Structures are given as structure tokens and as C-alpha cells.
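Step one of this worksheet: look at the structure below.
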There are 2 protein chains.
Amino acid sequence: MEGWSSTHVSSRPPHRQNTRPTMRDVAERAGVALVTVSRVVNGVGTVREETAERVMAAINAIGYQRNELARSLRPGQNSMTIGLLLGDLTNPFYASLAKAAVEVANRAGYAVLLSTADEDPEVERRAVGELIGRRVAGLIIVPDQGDHAFLNEINGHDHVPIVFVDRPATGAEADVVLVDNEDGGRKATQHLIDQGHRRIAILGAPSYYSTGRRLRGYRKALRRSGITPDSNLVVTLRRGTTEEASAATHTLLTSADPPTAVFSTTGFLTEGVLRACRQLQTSVAIVGFDDFKLADMLPTPVTVVTSDTEELGRHAARLLLDRIDGDDAPSRRTVLPVQLIARGTGEIGTQ
Amino acid sequence: MEGWSSTHVSSRPPHRQNTRPTMRDVAERAGVALVTVSRVVNGVGTVREETAERVMAAINAIGYQRNELARSLRPGQNSMTIGLLLGDLTNPFYASLAKAAVEVANRAGYAVLLSTADEDPEVERRAVGELIGRRVAGLIIVPDQGDHAFLNEINGHDHVPIVFVDRPATGAEADVVLVDNEDGGRKATQHLIDQGHRRIAILGAPSYYSTGRRLRGYRKALRRSGITPDSNLVVTLRRGTTEEASAATHTLLTSADPPTAVFSTTGFLTEGVLRACRQLQTSVAIVGFDDFKLADMLPTPVTVVTSDTEELGRHAARLLLDRIDGDDAPSRRTVLPVQLIARGTGEIGTQ
DNA sequence: TTGTAAGCGTTATCAA
DNA sequence: TTGATAACGCTTACAA
């Protein structure tokens with residue numbers, strides 16, 4: 001009853017849904033076998049010049065384009081797609097990270113599946129699942145807090161390399177690309193000390209990795225200068241929003257024994273500090289972690305410590321591509337340098 | 001010679017490369033047929049409670065996860081992936097667009113392939129090819145200048161819906177989601193007129209769609225107020241960078257008959273105008289198109305006309321998903337409203 | 001309720 | 001140099 005094996009079926013079965021032309025269509029049109037088309041498309045094996053031309057003509061005529069999904073189904077092929085999992089793109093930090101990573105990946109022929117897991121471990125877990133389900137060849141992740149042990153299976157047993165960016169993931173062992181948070185904290189604080197400040201407050205987001213390291217740098221700088229840390233000047237916010245930072249600054253500056261300087265450890269927080277100052281019509285010395293646009297255009301240009309965020313993304317992508325290409329050396333930890341840009345707010349002296 | 005049809009092959013062929021477990025692995029472990037696993041995973045057909053539990057147990061035991069790539073190879077299935085093609089993510093406009101689109105898509109179960117084609121038509125064309133090769137179910141594109149007729153085939157014959165954002169594509173017919181550029185231009189200019197200005201310059205990026213419409217609004221507002229347009233006050237930059245805008249502003253303000261107000265038609269340009277003013281230690285009245293962070297914190301807070309960029313992205317994504325779901329009504333053009341936010345620079349009077 | 005078989009578009013293997 | 005065939009992991013008919 002099956003006619004298909006004896007009769008040469010020249011046209012598509014009627015129930016066909018996917019409408020894009022396939023190698024079979026090209027082959028029919030060029031009057032060659034399907035496998036010959038494959039050889040031409042991939043430039044492997046041997047095909048007579050004239051045959052190849054006929055195939056190419058057919059390809060152009062019907063607008064054939066290789067189906068990468070089918071291709072990656074074959075053993076030994078990867079999907080030529082990586083996954084990128086990070087926070088809110090509205091945060092310029094994540095935006096430049098993404099920009100740079102996409103650039104490197106695309107240039108190497110990889111597509112990028114972008115997913116944003118906004119600080120929610122459960123969302124993050126689901127997102128990773130979606131990406132793995134699409135068989136990404138590797139993952140770049142800015143990990144949230146919370147246990148990431150579930151990634152070890154992916155990275156290890158499943159051989160899907162993972163690179164963490166900006167902070168390591170607790171419970172998971174993989175490559176990490178970081179900025180030198182501790183040195184940044186130290187540099188920011190030291191700069192304020194150099195301007196004569198001794199009562200220096202630090203504003204931190206919740207106990208993320210970065211905040212902890214920046215705080216450590218802050219403490220080291222104080223200790224080195226013989227300044228006794230005042231725990232009233234160490235403020236850890238609950239969520240790390242601009243509004244919280246603004247409120248906290250308000251409290252600090254209107255307290256009995258206010259600080260003369262503030263080290264704010266993220267871009268959002270710096271904005272909050274600035275807004276509070278404006279509202280109070282005061283100014284304190286400020287150094288922020290992370291540079292931001294127009295920082296130099298504000299009434300008092302803002303002094304910051306910063307690192308090259310795009311380089312962070314580029315490096316992560318390059319590292320991941322190396323891993324995908326088979327580099328199986330032990331996990332690497334890269335730390336990018338941080339530099340201070342003095343613009344004004346950090347140079348406001350004590351009275 | 002083929003033993004495979006008579007002998008029950010219970011273990012994997014040795015040359016296996018992809019190491020993730022498959023339905024076959026689950027089936028073996030649960031002692032059922034592969035198709036039963038499929039039924040359980042997809043919740044279709046009928047499976048006895050007890051059998052389903054055995055299958056689920058096996059799935060959890062070996063950490064099975066459905067291969068979406070293989071799945072989407074079947075007729076009538078789509079890849080559950082859309083493509084997003086836009087400009088430099090460092091531009092907050094694109095970043096919010098992407099954020100919103102990704103959010104909507106993910107929530108609907110779609111993954112997003114992100115590609116950035118930086119104002120280069122050839123790069124854009126290649127990027128579209130890569131996305132189509134991965135069989136995206138739809139495309140959201142912020143089109144560059146240049147002919148986009150090649151997209152008609154994709155949108156029409158191949159049934160891959162396309163939604164253009166921020167500007168229509170020349171030569172291609174598809175849904176478009178825009179902001180009301182002309183009204184924005186009109187509102188910005190009218191606001192300056194209302195403050196008493198009559199010599200109002202306009203700074204535009206190259207003749208992109210948006211700039212043209214904003215310019216038209218500018219002209220209409222002038223005409224309506226009986227102001228004769230001065231062509232010396234209409235400046236079209238060659239690339240639209242901040243630096244160019246700064247230089248152009250410098251030229252304008254130091255000319256024999258300088259304008260008393262400037263309408264800058266993009267965020268980058270507005271920054272350039274502000275920098276030039278600072279450098280010259282002058283101030284002119286300014287209204288910018290597109291809001292930006294810290295606009296309200298600058299020495300003179302910046303007046304802008306703006307629309308809801310995230311809504312732009314959300315709307316585009318929702319429209320695309322509708323199309324993917326089969327909505328085949330004629331192409332739609334959505335225009336989002338623009339509002340003016342008066343902050344200071346627009347309210348600087350004449351002398 | 002469960003299973004067999006065919007096929008989605010591609011590439012690797014082997015034979016002609 | 002070219003082609004027939006199996007297989008990648010999955011779902012949809014159809015059969016038991």
C-alpha cells in the first residue's frame with residue numbers, strides 16, 4: 001500500500017506544514033541527490049564544478065537556506081547558539097555586558113539567546129531550563145544569590161560550559177570573570193581619606209558578592225589609615241534601589257554625627273545619594289562604584305571607580321567560546337582592574 | 001545483516017555524542033515505549049496513572065529535558081523562539097525596547113534570539129539570515145535605512161511574521177509600531193514658541209524616518225505661529241553622534257544671528273547640545289526628543305518630549321505573538337503618543 | 001491504555 | 001564523483 005518506496009515522489013506530501021525549501025527541494029530542482037546538495041552547501045567532499053554550479057543555481061532560485069535546527073540534531077554538531085542570562089537591561093551595566101558578549105559571539109558565528117532573570121532564583125532556574133532545552137552550546141550567567149548547585153550537572157556531566165560574570169555562583173564550580181571589587185572599594189575609600197575625610201559612610205546593596213568585597217576594601221583602607229570604623233556608617237540596604245539609597249542618605253546626613261563623605265557601591269545607589277543631597281540642599285563628598293552617563297555633567301561632576309564593562313562581556317564570551325571549542329583546563333577566575341576617575345564630588349573637602 | 005529490527009537494542013550505540021538523556025533513555029528506564037514518554041511529557045493522549053508516575057520517576061532520576069530543537073523539526077510545530085534585531089544596546093532606547101520585548105516573549109514561553117546590526121545594512125541582512133536559519137517563529141526589527149524588500153519573501157511566502165519598531169522599513173510591508181514623531185516635533189517646537197522664542201534651531205540625525213517626521217512637526221508648529229522658517233537653523237548631521245551635535249551647536253551659537261532655542265531630535269544629540277553649552281558657558285532654551293536618566297539632575301533640568309519606550313517593545317512583542325498565533329489581518333500601524341515634560345531648559349526665555 | 005512505524009531536514013557512512 | 005541509507009530526538013497517525 002505504500003507507494004512512496006517504489007514510486008519516485010517528486011512533490012511534497014500534501015500535509016506539509018513548514019514551508020521553507022529543504023535540501024530535497026534543491027536536489028529535485030538541480031536533478032541531483034540530496035546528499036550532493038549537502039556537500040555543496042557545506043563545502044565538504046568532492047563535487048564536480050559543473051554539478052556544484054547547478055546546485056548553487058537551484059539554491060538561489062528557490063531561496064534555500066540551511067535549517068540549523070535540523071543540522072544541530074546530528075551527533076557531534078552543536079547548536080551554534082549560546083545563552084545569556086542576566087538582569088534588567090535597563091541597567092547600563094547589563095546592557096554593555098550584553099552588547100559586548102553578543103558582538104563577540106556573533107562574530108564567531110554564534111547566535112545568542114537572551115534571557116533576563118530579575119533577581120529571582122526561581123525565574124533564573126526556569127530560564128536556564130529553557131535555554132538548555134534549546135540545546136545552547138554554552139551559558140553566560142550573571143548569577144543571583146541562592147544555591148546554584150543545579151548548574152554543576154549542566155556544566156559537568158552535560159558538557160555545557162558555563163561562565164559566570166560579575167560574581168561567582170554559590171554552590172557551582174565554573175569559570176568566573178570579575179572586576180576587582182576589593183581594590184575598587186579600597187581605591188574609593190582611600191581617595192576620600194586622602195581628601196581629609198575620616199567619617200566615611202558606605203552604602204551597600206544586599207549582601208551580594210560584590211558588595212561584600214567592596215566593603216572589605218573599604219574596611220582595609222580605613223584600617224590602613226588608622227581610622228576606627230563606625231558601624232553606624234555602614235548601611236546595607238534591603239533591595240538596593242535608588243529610592244532606598246536616597247532615604248538612607250537622608251537619614252545619615254541628618255543624624256547627630258553625620259559623615260562627611262559617602263562611598264556608594266552601585267550606580268543606582270549613587271543616583272540616590274545625589275538625589276538626597278539635592279533635596280537637602282547639602283553636599284557631601286561622594287565616590288561611586290560604576291561610571292554612568294552624564295556623571296561629568298552634573299552640578300558637581302561625580303567621582304567614580306569603574307572598570308571596563310564591555311571588556312567584561314567580551315572576555316566572558318571569548319572564554320566561553322574557548323570552552324565550547326574543547327578547552328577543558330581547570331576553572332579560571334579572571335579579575336579585571338578598576339580605576340578611579342576624579343571629577344569633583346570626591347574632592348569636596350572636610351569643612 | 002541488520003540486527004536492529006529483530007534484536008531489541010537496549011543500550012546506546014557507542015558513537016553517541018550528544019550526552020543529554022533522550023526520551024528513549026527515559027523509556028528504557030521506565031520500561032515503556034518511547035511514545036508513552038512523549039505522551040507524559042506533553043500531557044496528551046491517555047496514560048494510566050501508575051505508568052505516568054513510573055515515567056515521571058525515570059525523568060527525574062536521569063534529569064531528562066525535552067529537546068526543543070528536535071521537537072520543532074516536526075511539521076506543524078514552531079520553534080518557540082523569536083528574533084530581535086536592533087541597534088547598539090548601549091543606547092538606552094534599544095535597551096528598554098529589548099527588555100520589554102524579552103519580558104513579553106518569555107512570559108508567553110518564547111525564547112529570544114538577540115542580534116545587533118549596528119546601522120549596517122549588510123550586517124543586518126546577514127543577521128536576518130542567521131535568525132531565519134534557526135527558524136525563528138517571528139522577527140522584531142528596528143530597520144536601518146536601505147532597501148528591505150528581501151524581507152517581503154520571509155514575511156509573505158515563508159510565513160514568518162515581522163514587526164518593525166520605531167520606523168517602517170523601505171520596500172517591506174509589515175506591521176509597524178511607531179511613536180508619534182510629528183506630534184512630538186510639533187509639541188517640542190510649540191513649547192518653545194510659547195516661551196517667546198522665534199529663532200528656533202533644529203538638530204537632526206541623518207535623514208532617517210524619525211528625523212524627517214520630527215522636522216515636519218517642527219515646520220508645522222512654526223508655520224502655524226506665522227514664523228518664517230530659517231534654513232540656517234535646520235541642521236542635519238551626517239552621523240548623528242554626540243560629538244557632531246556638540247560641534248554643530250557650537251557653530252550655531254557663535255554665528256552672527258544665533259538661535260535662542262534648540263530642538264534636538266535624539267538623546268545623543270541633546271547630550272551634545274548640553275556639552276556645547278557648558279563649554280561655551282552659555283545657555284539656550286533646549287527641548288530634546290527622548291527622555292534620559294538624570295535629565296532632571298543636571299544644572300538646568302532638561303525639558304523633553306518622550307514616549308513610553310517599554311510600551312513600544314511590549315506592544316511590538318504582543319503584536320508579533322498574535323501574528324504567530326495566526327492573526328492574518330492586513331498590516332497594522334500603531335502610533336504611540338508623545339508627551340512633553342517641562343523641566344527647565346525649555347523654559348529659558350528670550351533675553 | 002499502550003505500542004509500531006514513519007518522517008521532520010540534516011549529515012556520516014558506505015557502496016557504486 | 002555521486003548516491004542510497006541510516007540516524008539525530010521528537011510527534012502524529014494508526015494498530016493492537
Side-chain angles (χ1 to χ4, degrees), chain A residues 1-5 8-9 12-28 30-52 54-55 64-80 133-135, chain B residues 1-6 8-9 12-28 30-55 64-80 133-135:
Chain A
M1 51 182 45
E2 296 95 345
W4 67 268
S5 62
H8 180 57
V9 183
R12 291 296 186 70
H15 50 70
R16 194 152 184 287
Q17 276 263 12
N18 296 335
T19 55
R20 305 254 337 156
T22 73
M23 282 191 176
R24 182 153 77 116
D25 301 320
V26 176
E28 258 169 39
V32 296
L34 186 155
V35 66
T36 302
V37 177
S38 174
R39 282 196 264 257
V40 172
V41 168
N42 297 298
V44 299
T46 49
V47 181
R48 200 156 40 113
E49 178 80 12
E50 186 210 301
T51 313
R54 251 195 4 261
V55 171
Y64 167 78
Q65 181 167 22
R66 187 173 62 186
N67 184 332
E68 299 295 333
L69 266 37
R71 178 177 158 80
S72 56
L73 206 56
R74 303 301 329 280
Q77 303 275 351
N78 86 33
S79 63
M80 294 303 283
R134 283 170 178 81
R135 294 302 184 264
Chain B
M1 44 167 66
E2 295 93 346
W4 67 268
S5 62
S6 47
H8 180 57
V9 183
R12 290 296 185 71
H15 51 70
R16 194 151 185 288
Q17 275 263 13
N18 296 334
T19 56
R20 307 252 338 156
T22 74
M23 282 191 175
R24 184 154 74 116
D25 300 321
V26 176
E28 259 169 36
V32 296
L34 185 154
V35 66
T36 302
V37 178
S38 173
R39 282 196 264 256
V40 171
V41 168
N42 297 298
V44 299
T46 49
V47 182
R48 201 158 35 120
E49 178 80 11
E50 188 210 299
T51 314
E53 272 166 19
R54 250 193 6 261
V55 170
Y64 168 79
Q65 182 166 23
R66 186 173 63 185
N67 183 333
E68 299 296 332
L69 267 36
R71 179 178 157 83
S72 56
L73 207 55
R74 302 301 329 280
Q77 305 275 349
N78 85 33
S79 63
M80 293 305 282
R134 282 169 178 81
R135 294 303 184 266

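Bear in mind that the values here come from a model prediction, so they are computed numbers and not experimental data. Convention: sequence-line order gives letters A, B, ...; per-chain numbering from 1.
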- Candidate pair A:Val47 and A:Val55, rule side-chain contact (heavy atoms from CB on, under 4.5 Å), full reasoning: CA-CA 10 Å; A:Val47 181; A:Val55 171; 5.8 Å; no
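- Distance A:Leu73 CG to D:dC8 C1': 4 Å, rounded to the nearest Å.
- Rounded to the nearest 0.5 angstrom, A:Leu34 CG and A:Met23 CE are separated by 7.0 Å.
- For B:Arg54 and C:dT2, the CZ to C1' distance is 11 Å, given to the nearest whole Å.
- Every pair tested for salt bridge (charged side-chain N to carboxylate O under 4.0 Å, His left out) that includes a residue from residues 31-41 of chain A fails, sequence neighbours excluded, so the list is empty.
- For the pair B:Asn67 and A:Leu73, the minimum side-chain heavy-atom distance is below 4.5 Å.
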- Apply the test side-chain contact (heavy atoms from CB on, under 4.5 Å) to residues B:Met80 and B:Arg71: give CA-CA distance (whole Å), side-chain angles for both, the deciding distance (0.1 Å), then the verdict. CA-CA 10 Å; B:Met80 293 305 282; B:Arg71 179 178 157 83; 5.9 Å; no
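- Summary of helix geometry: the two end axes of the helix from C:dT1-D:dA16 to C:dA16-D:dT1, each defined by five base pairs via their C1' atoms, are inclined to each other by 40° (rounded to 10°).
- In this structure, CD on A:Glu28 lies 8.0 Å from OG1 on A:Thr22, to the nearest 0.5 angstrom.
- Under the 3.5 Å distance criterion, the side-chain polar atoms of A:Ser79 are left unmatched by any main-chain donor or acceptor of A:Ser72.
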- In B/S/- notation, 5' to 3', how is nucleotides 10-16 of chain C contacted by protein heavy atoms closer than 4.0 Å? BBB----
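- The main-chain N or O of A:Glu68 is never found under 3.5 Å from a side-chain atom of B:Arg134 such that the two would form a donor-acceptor pair.
- Taking atom CG of B:Asn78 as the reference point, atom P of C:dC8 lies 18 Å away to the nearest angstrom.
- Contact check, A:Thr36 against D:dG3: a side-chain N or O comes under 4.0 Å of OP1 or OP2.
- The side chain of A:Thr51 places an N or O atom within less than 4.0 Å of a non-bridging phosphate oxygen (OP1 or OP2) of D:dT2.
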